[in-house]
There are 2 protein chains.
Amino acid sequence: MAGSITVRDVAKAAGVSASTVSRALAANSVVAAETRERIINVARQLGYRPNHAARGLITGRTHNIGLVIPDLENPYFASVTKGVQSRALTEGYSVFIADSDEDARAELELVRKLSKQVDGLILCSARMSDADIASVADDTTMVLINREWGDLTSVVVDDSEIIRQALEHLYALGHRHIAYAGGPSTSWSNRKRWAGIEAVQPKLEGLTISPLGSFAPVFGGGQSAADVAVASGATAVLAYNDLMGLGILARLATRGIDVPGDMSVMGIDDVNVATLVSPGLTTVRSPLTKIGRSAVNALIDLIEPTDRHNSIEDLPVQLVVRQSTSVPRSR
Amino acid sequence: MAGSITVRDVAKAAGVSASTVSRALAANSVVAAETRERIINVARQLGYRPNHAARGLITGRTHNIGLVIPDLENPYFASVTKGVQSRALTEGYSVFIADSDEDARAELELVRKLSKQVDGLILCSARMSDADIASVADDTTMVLINREWGDLTSVVVDDSEIIRQALEHLYALGHRHIAYAGGPSTSWSNRKRWAGIEAVQPKLEGLTISPLGSFAPVFGGGQSAADVAVASGATAVLAYNDLMGLGILARLATRGIDVPGDMSVMGIDDVNVATLVSPGLTTVRSPLTKIGRSAVNALIDLIEPTDRHNSIEDLPVQLVVRQSTSVPRSR
DNA sequence: TTGTATGCGTTATCAT
DNA sequence: ATGATAACGCATACAA
């Protein structure tokens, strides 16, 4: 801040002009090898650090991206964020983070605020309406995670595949009555997952699905769902996500209901905390940090259209069997 | 990006000069009420958004701050980050986030990279050496969390108070032999906590403390520590942090050792996941998001010295008793 | 009260 | 290969 060394300082010290310094420090420009070396040395010696903001003013590229997420304390988003940050770094981008606290209005404000200081935006699990997305979409280059809209670039996991693996696992164990503890009805992912259930269920002979309703996609929501699941008479319950699954486990433990003996429990995502509990939560893993990295790749493809396009990475999901599921107890 | 409306566009549309627009949009400047209103309307209509970077170039203030943390997936740092982000937002600042992945060298690089695009930096649980901190300290205004160095502003919890509450809780339950599963020996907080133990132990008549050594401050570290704790013969074990505490719980469960019957277990911090397990982990709560908010307050006091100084907030720690501690089983 | 001119640090253009 | 100059979008000193 205080001791700001500028190109001019370097230029003066090296006995050249400012533009030569600029060129010497830009890798692809034409400068005599000897002068370049001298300039680089002087720059290092003076501790010169380019001012990104000033550079962005003229190049039109800030080398900053923004990430808007609903809740940093949710381990799902923390992992995605980690992936975004890590990939952005290696690509030479810094990342603004904005936590909307699950609030659609706040989200929109954050997007507007950030849009002017970044080259592009990543919206993760956007809570805002389609109309709002539309209104910001042509103003800003952006990539969506866990949501699709128009022809915007999206990074999504295959929800129907997740559901298929989950239900087939339980079905193979012998469960014929499975409860589904849904997430928020407004959630794009929840709708996709429910659609997946409706698609898979007919293919599994004699399988009954009991939708338990919509719950907050967090620990507390799972606690609520647990009682409804028990009342439904199902022998297994699939939760919208792992946090709900953990809530179900906790509530069942409190009620003295044995897992997996009396009830099998599955989550979705495989967030890091799913391994911390016992019994461990059986779940379907999504490549969380890879989702973040893919989103960055996609965004950079949009920002720098000259580069070769990274082929769209696939995002494999994978069943992870732990101790919370087993064959149903015969009665 | 594409449809960039500038002050000049607004000026032209409103029939005034660019500087008048600039003044009209700055709250404290002198402009005729009528013209101001007109300009503001035009600006809104055109969807004008000021370019922060350009403004920062001339004012010297970017209204951006940076946060450097060791690991976003660690719930402790996620909570602190949430606090930082939230407070920064209400103060009109955007925040750059940088995850060093626990690497001191990466951390230094991130600090250097960010320092030019922000008004100030918050370093959380800095892994870098004192010398490195010194080297960046006069280059950048910054605030430290969980670390003290020279006369830099620091936000720290009272580690000795944490230890006091933890040990007195176990002592009151009747434990006279307590094991301490330490964090990394290089960790500033770990040193403070150990110092706290050495200070408190003499005051508790007949209390023996067994230091178990240094472990990675995560789940796996706790798993390792558990076996050593059992071998030590202690009736209770205090972990450096909650993640280690959870690892200890899991390992003891695997070995069939009853908690709290055979062994009481305590963590430190009360990260969100501590409530997700059963038995619940007894711990000493730190106000994590408040730590983040306090750091932002302190940083802004440094950046805007004109404003009234926010009095230094105190950061109360508080024992949270759950099911992982109880009286030692008499033998 | 408003307009003109200048500069923030950098890169791009056009000379040389 | 290098230097002079202009321009990015904005805020401010100064003039009117």
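We use all heavy atoms of the structure for the numbers below, so side chains are in, but hydrogens, waters and symmetry mates are not.
- Here A:Thr81 pairs with nothing under the side chain to side chain donor-acceptor pair (under 3.5 Å) rule; sequence neighbours left out.
- Residues satisfying the side chain to side chain contact (heavy atoms under 4.5 Å, CB included) criterion with B:Asp130, sequence neighbours excluded, are B:Arg147, B:Trp149.
- Applying the ring-ring contact (aromatic ring centres under 6.0 Å, His included) test to B:Phe96 and every residue at least two apart in sequence or in another chain returns A:Phe96.
- The span of DNA chain C lying next to chain A, judged by atoms under 4.0 Å from heavy atoms, is bounded 5' to 3' by C:dG9 to C:dT13.
- The stretch residues 19-26 of chain B touches DNA chain C through B:Ser19, B:Thr20, B:Arg23, each having a heavy atom under 4.0 angstrom from the strand.
- Between B:Leu57 and B:Gly15, it is B:Gly15 whose nearest contact on DNA chain C lies nearer the 5' terminus.
- Of all the residues in residues 31-42 of chain A, A:Val31, A:Ala32, A:Thr35 reach under 4.0 Å from DNA chain D with at least one non-hydrogen atom.
- Remark: side-chain polar atoms of B:Thr141 are paired, donor with acceptor, to backbone N or O of B:Asp119 under 3.5 angstrom.
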> Once Watson-Crick and G-U wobble pairs under 3.5 Å are found, how is DNA chain D written in dot-bracket notation, 5' to 3', with | for any base paired to another strand?
Replying inline: ||||||||||||||||
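- With sequence neighbours left out, the ring-ring contact (aromatic ring centres under 6.0 Å, His included) criterion links A:His63 to A:Tyr93.
- With sequence neighbours excluded, the residues satisfying salt bridge (charged side-chain N to carboxylate O under 4.0 Å, His left out) with B:Glu102 are B:Arg127.
- Looking at residues two or more places apart in sequence or on another chain, you find no side chain to side chain donor-acceptor pair (under 3.5 Å) involving A:Arg55.
- The outermost nucleotides of DNA chain D lying under 4.0 Å from heavy atoms of chain A, listed 5' to 3', are D:dA1 to D:dG9.
- Within a 6.0 Å sphere centred on NZ of B:Lys290, heavy atoms belonging to other residues, nucleotides or ligands number more than 12.
- In the model, A:Ser22 has no side-chain atom that pairs as donor or acceptor with a side-chain atom of A:Ser19 under 3.5 Å.
- Residues that satisfy the side chain to side chain donor-acceptor pair (under 3.5 Å) test with B:Lys82, not counting sequence neighbours, are A:Asp71, A:Asp99, A:Asp101.
- Of the residues B:Thr6, B:Asp9, B:Val10, the one that meets the side chain to side chain contact (heavy atoms under 4.5 Å, CB included) test with B:Val21 is B:Val10.
- Proximity of B:Ser79 to B:Phe77: side-chain heavy atoms (C-beta onward) are nowhere separated by under 4.5 Å.
- Using a cut-off of 4.0 Å between Lys/Arg side-chain N and Asp/Glu carboxylate O, B:Arg105 and B:Glu109 are scored as not salt-bridged.
- B:Thr59 comes within contact range of the sugar-phosphate backbone alone, with a heavy-atom separation under 4.0 Å but no base atom that close.
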